[in-house]
Amino acid sequence: MLLAKRSFKMAKSSVDLVVKGIVQGVGFRPFVFRLAKELNLNGYVTNSGEGVEIHLEGEESSIDEFILRLKKDKPPRARIDEIVEKDSALMNLSSFQVIASKETKVSTIPPPDIAICNDCKNELLSKNNRRYLYPLISCMNCGPRFTIIKSLPYDRSRTTLSKFKLCRDCEAEYSDPANRRFRAEPISCWVCGPKVFFVENGKIVKSDDPIGIAAELINKGEIVAIKGIGGFHLAADATNDNTLKMLRALKNRHFKPFAVMVKNIDFARKVAYLSEEEERILLGQEAPIVLAKKREDSPISEF
């Protein structure tokens, strides 16, 4: 007796997920996009006031693996506090997309600013790169987040960069899932990003190297005010006694330590005694100010 083969397709499942924690501005949507593509899942991902919302359609085993890897392989700067699973109707979508953010009540955590990553540092110092010496270089793995946010959910339109339209090259990077600047909201370059200029006595000084002018003045013992993304910073030569005396007088800050910026961890070791924990914090993704004990032979001024 012959039995006819019966062909059938695996039944599709559907689920909605809300991921809460530090999941915006840390490469979470690009990560979700690539993971869904890898597992042949359809649906979409979007930022919302609650965090990151994900709609998935596909084989149940693939969805289960997606959720497992969502927790295990999340971006290094992400922090998942909770994943809420909701009932979902099957929409029979044919692809996976990153869609516009949803306007909902905000309960998610804003992402922190992140120190420059090694990839951007290499581009910054490469003469053949189009972002060579571009002071606002960033990507999905580094750059300003908290400081440029005007409101959540986190999208470029809700940041202080919203008025800067991406050039063709930046738009191509921003739209390419394989690029590390895919959906990187602070993305910019010399062509389309904010400009840097030097101001003296209220007037802009025409120069192709405004940062060079500032550096030269600092080397001469002057005090320079640098307007960054989070306000003004006073910069001076930390090895110059007279300059430091003047700075303390101007700031009326006679004893409280000033933050010292160093080129790398090797120079930091020449300035202060650093424990393993202090070095770990200095080299962390936020690269924060660390209070450390000054070395007796430190090149930094006693003032």
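FYI, the numbering just counts along the sequence from 1.
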D176 and F182: CA distance, side-chain angles, deciding distance, side-chain contact (heavy atoms from CB on, under 4.5 Å) verdict: CA-CA 5 Å; D176 180 6; F182 177 53; 5.6 Å; no
Chi angles and distances behind the side chain to side chain donor-acceptor pair (under 3.5 Å) call for S48, E53: CA-CA 7 Å; S48 75; E53 295 188 13; 3.1 Å; yes
side-chain contact (heavy atoms from CB on, under 4.5 Å) between L70 and V19, worked out: CA-CA 9 Å; L70 193 68; V19 187; 3.9 Å; yes
Side chain to side chain donor-acceptor pair (under 3.5 Å) assessment of S188 paired with Y134: CA-CA 9 Å; S188 61; Y134 180 59; 2.9 Å; yes
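The side-chain heavy atoms of P194 and L161, taken from C-beta on, include a pair separated by under 4.5 Å. Contact annotation: the side chain of P153 never approaches that of K102 to less than 4.5 Å [non-hydrogen atoms, C-beta and beyond]. Looking at R69 and L39, their side chains come closer than 4.5 Å, going by heavy atoms from C-beta outward. Contact of the N141 side chain with the I114 side chain is not registered, since no non-hydrogen atoms from C-beta on lie closer than 4.5 Å. Looking at heavy atoms from C-beta onward, V98 lies out of side-chain contact with T46 at the 4.5 angstrom threshold. At least one side-chain heavy atom of P288 sits less than 4.5 Å from a side-chain heavy atom of I281. Considering only heavy atoms from C-beta on, Y154 comes within 4.5 Å of I148 through its side chain. Contact annotation: the side chain of N47 never approaches that of T108 to less than 4.5 Å [non-hydrogen atoms, C-beta and beyond].
V191 pairs by the side chain to side chain contact (heavy atoms under 4.5 Å, CB included) definition with C167, C189, not counting sequence neighbours. Residues meeting the salt bridge (charged side-chain N to carboxylate O under 4.0 Å, His left out) test with K74, sequence neighbours left out: none. For K150, the side chain to side chain contact (heavy atoms under 4.5 Å, CB included) partners are T160, S162, not counting sequence neighbours.
A chain of hydrophobic side-chain contacts below 4.5 Å, direct or via other Ile, Leu, Val, Met, Phe, Trp or Tyr residues, connects L56 to F31. Clustering ILVMFWY residues whenever any of their side-chain heavy atoms sit less than 4.5 angstrom apart, transitively, puts M140 in a cluster other than the one holding I187. In terms of hydrophobic clustering, with Ile, Leu, Val, Met, Phe, Trp and Tyr side chains grouped at heavy-atom distances under 4.5 Å, L41 and V52 are assigned to a common cluster. F28 and V15 fall within the same hydrophobic cluster, where Ile, Leu, Val, Met, Phe, Trp and Tyr residues are linked whenever their side-chain heavy atoms come under 4.5 Å apart, directly or through other members. I54 and I67 fall within a single hydrophobic cluster, where Ile, Leu, Val, Met, Phe, Trp and Tyr side chains are chained together by heavy-atom contacts under 4.5 Å.
Contacts classified as salt bridge (Lys or Arg N to Asp or Glu O under 4.0 Å) and involving residues 238-253 (residues at least two apart or in different chains) are not found. For the salt bridge (Lys or Arg N to Asp or Glu O under 4.0 Å) condition, the pairs that include at least one residue of residues 202-220, sequence neighbours left out, are E216-K220. Listed by first and then second residue, the salt bridge (Lys or Arg N to Asp or Glu O under 4.0 Å) pairs involving residues 257-278 are D266-R269, R269-E279, E277-R280 (not counting sequence neighbours). Screening residues 193-236 for ring-ring contact (aromatic ring centres under 6.0 Å, His included), with sequence neighbours left out, gives no hits. The salt bridge (Lys or Arg N to Asp or Glu O under 4.0 Å) pairs that include a residue from residues 284-300 are K294-E302, R295-D297, where partners are two or more places apart or lie in different chains. Applying the ring-ring contact (aromatic ring centres under 6.0 Å, His included) test to residues at least two apart or on different chains, none of the pairs has a partner in residues 66-107.
The hydrophobic cluster containing F258 also includes I223, L234, L244, M246, L247, L250, F303, under a criterion of side-chain heavy atoms closer than 4.5 Å among ILVMFWY residues, counted directly or through chains of members.
Under the 3.5 Å distance criterion, the side-chain polar atoms of K165 are left unmatched by any main-chain donor or acceptor of K163. The backbone N or O of Y132 sits less than 3.5 Å from a side-chain atom of W190, completing a donor-acceptor pair. Checked by atom type and distance alone, the side chain of D113 pairs as donor or acceptor with a backbone atom of T147 at under 3.5 Å.
The two residues I265 and L283 come nearest to each other via the heavy atoms CB-CD2, 4.1 Å. Between I211 and P135 the shortest heavy-atom distance is CD1-CB, 4.0 Å. The minimum heavy-atom distance between G221 and T243, with the atom names listed, is O-OG1, 2.9 Å. In terms of heavy-atom proximity, P111 sits nearest to I22 at CA-CG2, 4.3 Å. When all heavy atoms of A292 and Y273 are compared, the pair lying nearest together is CB-O, 3.9 Å. Minimum heavy-atom separation, S13 to E60: OG-CB, 3.5 Å.
Between R168 atom CZ and E171 atom CD the span is 11.0 Å, to the nearest 0.5 Å. The structure places CZ of R156 at 4.5 Å from CG of L166, a figure rounded to the nearest 0.5 Å. Here the OG-CG distance, from S101 to D155, works out to 3.0 Å after rounding to the nearest 0.5 Å. Taken to the nearest 0.5 Å, the CD atom of E185 stands 8.5 Å off from the CZ atom of R145. Separation of atoms CD (E57) and OG (S62) is listed at 13.0 Å; rounding is to 0.5 Å. A distance of 9.0 Å separates OG in S301 from CG in D237, rounded to the nearest 0.5 Å.
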Return all side-chain donor-acceptor pairs below 3.5 angstrom for residues 120-127, not counting sequence neighbours, or 'none' if the list is empty.
residue: N122; atom: ND2; partner: N118; partner atom: O; Å: 3.2
residue: E123; atom: OE1; partner: R180; partner atom: NH2; Å: 3.2
residue: E123; atom: OE1; partner: R181; partner atom: NH1; Å: 3.3
residue: E123; atom: OE1; partner: R181; partner atom: NH2; Å: 2.7
residue: E123; atom: OE2; partner: R180; partner atom: NH1; Å: 3.0
residue: E123; atom: OE2; partner: R180; partner atom: NH2; Å: 3.2

Going by atom type alone, with no hydrogens or angles, which donor-acceptor pairs under 3.5 Å involve a side-chain atom of residues 78-91 and a protein atom two or more places apart or on another chain?
residue: R79; atom: NE; partner: D81; partner atom: OD1; Å: 2.9
residue: R79; atom: NH2; partner: D81; partner atom: OD2; Å: 3.0
residue: S88; atom: OG; partner: S14; partner atom: OG; Å: 2.9
residue: S88; atom: OG; partner: D16; partner atom: OD1; Å: 3.4
residue: S88; atom: OG; partner: H55; partner atom: ND1; Å: 3.2

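No more than 12 heavy atoms of other residues, nucleotides or ligands lie within 6.0 Å of NZ in K71, so this atom counts as exposed by the packing criterion. Heavy atoms from other residues, nucleotides or ligands lying under 6.0 Å from OH of Y174 number more than 12.
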